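Report on the structure given below.
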Amino acid sequence: MPNCFALADTNGSGSFTLEDFGPLWLAMNDARIVDMFQRADADGSLGITAEEQEQAMSKMLNRVDRNKDGVITKSDFKRSHKGKHGKHRDRS
C-alpha cells in the first residue's frame with residue numbers, strides 16, 4: 001500500500017483535512033466495501049434492489065441483537081464475541 005500520509009495529503013501541503021481523508025479511507029477499506037456490496041447483491045446482478053438491501057439489513061440487525069429481544073442496545077455489543085479461531089474475546 002502506498003504511503004498513507006501521501007494518500008491523505010492530496011495537495012502536498014504537509015497536512016490533511018477531513019475532506020482529504022476520504023481517499024485514504026477508501027484505499028484502506030476498498031476490499032471491505034467490495035465484499036459488503038457483493039454480500040448485499042444476492043442475485044449477482046451488480047445492482048442492489050430495495051429487497052436485497054432490506055434482507056442485508058435484516059441479517060445484520062439479527063446478528064447484532066444477541067439476546068434476540070428485537071432491540072439493539074449497548075449490552076448487545078458488550079457480550080463476548082468469538083474470535084477468528086473460535087476463542088472468546090471480551091470487548092469490554
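For the numbers below, each heavy atom of this structure counts, side chains included, while hydrogens, waters and symmetry mates do not. Start at 1 with the first residue, then count along the sequence. All values derive from a computational prediction rather than experimental measurement.
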Which class fits the ring pair Phe16 and Phe21: parallel under 30°, tilted 30 to 60°, perpendicular over 60°? parallel
With sequence neighbours excluded, residues passing side-chain hydrogen bond (donor to acceptor under 3.5 Å, both in side chains) with [X]:
X: Asp65; value: none
X: Ser58; value: none
X: Asp30; value: none

Side chain [X], main chain [Y], donor-acceptor under 3.5 Å:
X: Lys68; Y: Asn62; result: yes
X: Asn29; Y: Arg32; result: no
X: Gln53; Y: Ile48; result: no
X: Gln38; Y: Asp35; result: no

Please round to the nearest 0.5 Å and tell me the distance separating atom [atom1] of [X] and atom [atom2] of [Y].
X: Asp41; Y: Glu52; atom1: CG; atom2: CD; result: 5.0 Å
X: Asp9; Y: Asp20; atom1: CG; atom2: CG; result: 7.0 Å
X: Phe5; Y: Leu24; atom1: CZ; atom2: CG; result: 10.0 Å
X: Thr17; Y: Glu19; atom1: OG1; atom2: CD; result: 5.0 Å

Side-chain heavy-atom pair [X], [Y] within 4.5 angstrom cut-off:
X: Ile33; Y: Leu26; result: yes
X: Arg39; Y: Met36; result: yes
X: Asp76; Y: Asn67; result: yes

